[in-house]
> 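Please find one structure pasted underneath; my questions will follow.
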Amino acid sequence: MPEIKVTPLGAGQDVGRSCILVSIGGKNIMLDCGMHMGYNDDRRFPDFSYITQQGRLTEFLDCVIISHFHLDHCGALPYMSEMVGYDGPIYMTHPTKAICPILLEDFRKITVDKKGETNFFTSQMIKDCMKKVIPLNLHQTVQVDDELEIKAYYAGHVLGAAMVQIKVGSESVVYTGDYNMTPDRHLGAAWIDKCRPDILISESTYATTIRDSKRCRERDFLKKVHETVERGGKVLIPVFALGRAQELCILLETFWERMNMKAPIYFSTGLTEKANHYYKLFITWTNQKIRKTFVQRNMFEFKHIKAFDRSYIDNPGPMVVFATPGMLHAGLSLQIFRKWAGNEKNMIIMPGYCVQGTIGHKILNGQKKLELENRQTVIPEYEPGWSLEVKLQVEYMSFSAHADAKGIMQLIRMAEPRNMLLVHGEAKKMEFLKDKIEQEFSINCFMPANGETSTVATNPSVPVDISLNLLKREMALGGPLPDPKKPRTIWRASLRLVSPEQALKELGLSEHQLRFTCRVQLQDAHSDSDTHIRIYTHLKSVLKGYTIQHLPDGTVMVESIVIKVSSSPEEPNTKVLLLSWSYQDEDLGSFLSTLLKKGLPAALSSM
Amino acid sequence: MYEISSDENEFEDWFIESLKIYSNIHEYQLEHPTRVIEWTGEKNVCVAGYNLSKNEILELLLPLKLFADDNQGLCAERDFKVVHGGFTDGSIHCLKHIPGTRCVVTNDGSSSKLQVWDVGGDDCDVIKKTGDIHLKTASLDKGVKIDSPLTGNASVLHGSQVNDIQLTELTSGTPLYTLGTDIPDVLSSLRFVSGSVFLACSVNGDVYVGDTRSPSYLQKSPAGGREGNHWCMGVRADSSLPEPSSCSVARLSSSCQAVVSDLRNLKSPVCQAQLNVQRKTTSDEFLIVTWAPALDNCLAVSGFDGMVQIYNTASWRPELMEFQPIFIHRGHMMSDAHFDTSSSVVTTHVWHPSRPWTVLSAAGDGSVHVWDWVDNTTASSKSLA
């Protein structure tokens with residue numbers, strides 16, 4: 001029975017290390033290769049020993065697919081490809097390919113330089129890994145090899161995020177990665193056609209969440225900014241170049257006038273340069289199913305938002321600044337933070353996750369005193385012994401767009417999978433969801449634990465063409481039961497492919513052999529045996545590559561064709577050649593009879 | 001900039017205003033609307049659908065950010081978590097949690113049968129039905145009102161009319177008390193004020209006081225010819241006292257009148273008011289009035305339209321006068337998908353048992369809101385001014 005196997009890799013039930021192995025139609029595919037951000041030891045990497053105990057992964061995997069650039073989906077990729085070893089193709093969308101290496105390098109710098117880790121990938125490894133990447137376009141089928149094809153669909157969530165369909169023959173799997181079903185200010189909602197995959201794979205954490213509305217998150221952001229500015233404070237918002245920064249800028253711009261705000265809003269020039277560079281990628285991405293209103297506005301032509309200059313850091317009075325990098329681990333955002341942290345009127349708003357080891361991570365854990373550690377080589381301009389008291393207000397706001405319980409049901413309705421598979425959940429805490437999916441869609445819902453394999457039986461179809469006449473004849477025969485006098489082509493709508501011998505046996509027919517014979521007259525004065533030899537020699541010279549035999553009883557055989565020579569009783573010097581061949585050698589038989597009717601060449605010598 | 005329609009302007013006005021009038025607000029969209037919100041813990045509520053056939057019951061965990069108080073800034077968690085869920089074969093019009101247990105009791109609004117459910121613990125997330133309680137009632141097709149005593153063994157008080165009010169023990173189904181009367185008036189509300197004293201409000205506005213320790217005891221306070229053909233009741237008792245000496249009873253009519261009485265003298269109302277409401281719906285089924293458990297003289301009304309209105313009764317007078325609300329929650333009318341202000345009716349609302357200004361409300365479009373409103377009228381307000 002054909003089947004598809006799905007195994008989420010890694011130990012523990014935690015979310016935060018997406019890496020799923022799929023075996024389909026004899027192919028092995030790795031979906032995502034994420035790092036678990038909460039561990040400092042090998043538990044942060046997926047457990048590749050499931051694939052092979054030692055050695056490289058290349059021969060065990062047909063391809064690797066990365067859904068988007070978040071580190072819990074791609075953070076372990078350079079480790080897997082360069083340290084464990086994989087040389088096959090790695091697929092991801094164009095924006096993911098552009099942004100991944102930057103996040104990986106930042107992550108590497110923080111982990112190695114700040115935390116002093118040694119068992120980690122190097123900058124060169126990131127570069128070597130990215131050389132193996134083949135970029136994907138949306139809705140374009142890519143042939144990985146003769147049998148395996150993949151296609152990317154728009155997922156929303158972040159720039160470049162994709163849901164992926166993997167297909168071998170008529171079996172297919174769709175992996176959602178992270179996605180959202182409601183559009184926001186700069187990204188659209190996920191979309192997929194009714195592709196009816198055998199399995200739809202998604203995160204279980206969404207299914208038990210009901211998300212607070214986007215407008216309440218935005219309201220909270222505006223309120224905090226407004227409160228701070230009203231009391232004369234400064235607001236720092238550390239951001240990555242692209243994505244949330246635009247979202248929040250559009251939000252502030254939309255309401256600044258209505259709220260009668262006079263304080264200046266700035267973004268750092270580093271942000272603009274990077275953003276403009278990615279904007280070109282972004283715009284081709286957004287042309288696919290993105291809201292028209294967003295595309296209409298020029299990315300950084302805001303009425304109220306201006307470019308920042310370092311000299312403004314010490315300006316008195318309230319202001320709002322967007323600056324990179326997003327985790328406060330270096331650069332301008334850290335420089336500004338150092339200046340503003342000591343004043344309780346100020347505020348810092350962190351719009352995303354911060355990796356362990358960064359200052360962003362520390363202040364989000366409530367740390368009120370920061371000290372420069374010995375290994376702070378990333379910011380050489382800061383003197384050792386640097387310490388800082390954190391008095392400003394710290395706000396952690398999550399803007400990332402995720403689907404929820406309702407969204408998962410919408411996606412299932414869109415794709416119409418035959419089975420559902422949820423990863424990263426505890427089965428006993430997911431029984432209600434399983435029941436719900438099974439009741440509403442009448443499909444099975446699988447929930448493998450990390451390291452556990454789910455096997456899903458599939459029913460692949462073999463398409464068969466049927467002639468119109470046969471179909472018409474079939475339809476003319478009425479009645480449901482088979483009648484031996486009126487053989488049916490289709491009974492119970494099942495078709496089997498069998499050998500001729502078995503077919504004859506089942507149908508109760510005997511096999512007939514068809515043989516053709518023909519007589520050719522030749523003018524030839526030689527003896528019968530000499531004529532035999534002359535025929536044999538002639539045919540051997542003409543029919544090179546065929547099996548020609550001269551048998552002791554005087555027969556010449558060409559393949560299955562038999563040629564016998566006899567003298568004509570009435571006419572001396574006339575030979576009669578009897579040719580006989582079976583139906584299968586019809587072509588050759590006809591050819592021989594025509595050839596021999598022309599006679600034998602005179603120049604043939606007897607052997 | 002593109003042209004903004006007047007509807008979008010209204011939304012933006014409300015959005016900007018919301019920065020000042022709420023200290024917190026969260027908005028959720030359920031797959032199907034609910035008309036019940038029932039506390040099953042300090043941070044948990046149960047909701048359930050009211051489609052004619054299959055529905056879901058869900059137990060939801062409120063967002064952690066709401067409870068983080070001083071550490072609110074560091075907590076990014078804004079979402080509901082579905083902690084338990086189950087399926088029902090019928091509609092749910094009434095859902096009551098039995099204190100001290102993990103049980104809830106439901107009724108479908110068109111029969112007298114009660115369903116008993118086990119919401120479940122840590123080891124399983126499925127809400128399972130554990131049994132039915134079949135009741136002898138005078139009317140077979142009206143729904144049943146339910147309440148549970150504040151103390152004592154697990155039991156449930158139920159009735160569709162005054163003459164079939166009964167207290168039933170939960171596990172055995174044994175009737176513990178029946179009200180001996182033949183009054184056929186249909187009930188709109190049923191509430192315990194102590195372990196044994198309860199109030200029943202009939203649709204015509206009459207309030208009855210009963211005591212489950214004495215079946216023959218029944219005290220009636222007529223509505224006294226007031227306007228309105230449908231009344232409901234909200235009760236605020238000081239539950240720290242074993243016997244209620246002070247207990248405020250509010251009655252709300254379908255013609256937007258509110259009457260406040262004290263349990264000690266139900267016949268003469270303490271004060272009353274004509275509420276400033278423009279009715280958007282003709283149905284009375286969602287009318288509800290509640291007292292804030294942790295604030296004085298604060299009551300909330302909903303069910304006339306897409307708003308929840310909060311009034312302070314301290315300034316009300318014995319003679320009927322019109323009063324303005326001190327707060328209006330308009331969130332359910334401000335739908336992102338369409339700015340139609342007339343469509344969605346608030347189906348129910350509840351106050352948090354201990355957080356003074358926290359309210360949960362639900363509407364017919366499936367929305368559920370959790371909000372902390374700012375009281376700008378009193379000295380202890382948390383306003384931004």
Side-chain angles (χ1 to χ4, degrees), chain A residues 182 205 207-220 222-227 230 253-255 258-260 293 296-297 303 347-353 363-366 393-400 402 404-406 409-410 426 428-436 439-440, chain B residues 1-2 4 9 11-16 18-20 22-32 47 54 56-61 63 65-66 71-87 120 122-127 331 334 336-337 366-371 384:
Chain A
T182 46
T205 39
T208 49
T209 301
I210 301 181
R211 294 208 33 106
D212 189 10
S213 68
K214 180 184 61 133
R215 76 186 189 197
C216 282
R217 290 170 205 272
E218 293 185 336
R219 177 209 163 260
D220 202 27
L222 276 178
K223 182 170 142 86
K224 295 288 183 319
V225 170
H226 182 258
E227 268 171 9
E230 287 274 274
E253 172 87 353
T254 308
F255 289 103
R258 296 203 54 155
M259 286 160 56
N260 204 24
T293 47
Q296 275 163 12
R297 72 176 309 128
K303 197 166 146 196
M347 177 183 284
I348 182 166
I349 298 180
M350 308 294 298
Y353 178 79
I363 62 172
L364 286 179
N365 277 324
Q393 202 174 326
V394 179
E395 289 284 331
Y396 186 16
M397 295 193 186
S398 159
F399 289 99
S400 68
H402 280 293
D404 64 0
K406 189 172 164 193
M409 303 303 273
Q410 281 174 311
E426 278 183 67
K428 69 176 183 196
K429 295 208 171 144
M430 309 288 304
E431 214 186 301
F432 168 62
L433 174 67
K434 186 172 188 295
D435 287 348
K436 189 169 140 122
Q439 281 187 35
E440 183 159 342
Chain B
M1 274 296 249
Y2 52 94
I4 305 175
N9 260 326
F11 168 74
E12 288 194 356
D13 286 341
W14 175 79
F15 187 73
I16 302 284
S18 74
L19 301 190
K20 290 194 156 61
Y22 300 93
S23 45
N24 293 301
I25 177 167
H26 300 261
E27 295 176 348
Y28 304 93
Q29 195 64 35
L30 300 179
E31 271 185 276
H32 303 286
V47 296
K54 280 187 82 72
E56 287 176 8
I57 302 186
L58 303 174
E59 190 191 28
L60 306 173
L61 176 66
K65 195 174 178 77
L66 194 66
N71 278 330
Q72 219 183 33
L74 300 182
C75 179
E77 187 55 71
R78 301 185 65 96
D79 303 327
F80 270 157
K81 287 267 179 294
V82 180
V83 283
H84 292 95
F87 301 98
D122 285 334
D123 54 347
C124 177
D125 73 328
V126 177
I127 299 179
M334 304 291 166
D336 277 340
S367 56
V368 173
H369 295 177
V370 183
W371 35 285
L384 294 171

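Heavy atoms only: backbone and side chains are in, while hydrogens, waters and symmetry mates are out. In what follows, chains are A, B, ... by sequence order, proteins preceding strands, each numbered from 1.
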> Who among B:Pro63, B:Gly73, B:Ser18, B:Cys75 has the most heavy-atom pairs with chain A under 4.5 Å?
B:Gly73

> Tell me, do B:Leu58 and A:Phe432 make a side-chain contact under 4.5 Å, heavy atoms counted?
yes

> Hey, which of B:Asp13, B:Asp125, B:Asn71, B:Leu74 has the most heavy atom pairs under 4.5 Å with chain A?
B:Asp125

> Between B:Tyr28 and B:Phe80, how do the two ring planes meet: parallel, tilted or perpendicular, split at 30° and 60°?
parallel

> As an exercise, state the distance from NE2 of A:His226 to NZ of B:Lys20, rounded to the nearest 0.5 Å.
4.5 Å

> Are A:Arg219 and B:Glu27 close enough for a salt bridge, meaning some N to O gap below 4.0 Å?
no

> Among all residues two or more places apart in sequence or in another chain, which pass the side chain to side chain contact (heavy atoms under 4.5 Å, CB included) test with B:Gln72?
B:Asn24, B:Lys65, B:Ala68

> With respect to chain A, which residue among B:His84, B:His26, B:Glu77 yields the maximal number of heavy-atom pairs within a distance under 4.5 Å?
B:His26

> Sort B:Leu61 into side chain, backbone, both or neither according to what part of it lies under 4.5 angstrom from a heavy atom of chain A.
neither

> Contact part of A:Asp435 toward chain B, heavy-atom cut-off under 4.5 Å: side chain, backbone, both or neither?
both

> Where on A:Met430 is there a heavy atom nearer than 4.5 Å to chain B: the side chain, the backbone, both, or neither?
backbone

> Hey, are the side chains of A:Arg211 and A:Arg217 touching, using non-hydrogen atoms and a 4.5 Å cut-off?
yes

> Using side-chain heavy atoms (C-beta onward) and a distance below 4.5 Å, is A:Asp220 in contact with B:Arg78?
yes

> Name the region of B:Ile127, side chain, backbone, both or neither, that has any atom closer than 4.5 Å to a heavy atom of chain A.
neither

> Of the listed residues (B:Cys124, B:Gly120, B:Gly86), which shares the most heavy-atom pairs with chain A below a 4.5 Å separation?
B:Gly86

> Considering residues at least two apart in sequence or located in another chain, which fulfil the side chain to side chain contact (heavy atoms under 4.5 Å, CB included) criterion with B:Gln29?
A:Lys406, B:Ser367

> Relative to chain B, which segment of A:Gln439 carries a heavy atom at a distance below 4.5 Å: side chain, backbone, both, or neither?
side chain

> Count the heavy-atom pairs under 4.5 Å between each of A:Leu433, A:Asp212, A:Val394 and chain B, then report the option with the highest count.
A:Asp212

> Which region of A:Ile363, side chain (C-beta onward) or backbone (N, CA, C, O), has a non-hydrogen atom less than 4.5 Å from a non-hydrogen atom of chain B, or is it both or neither?
backbone

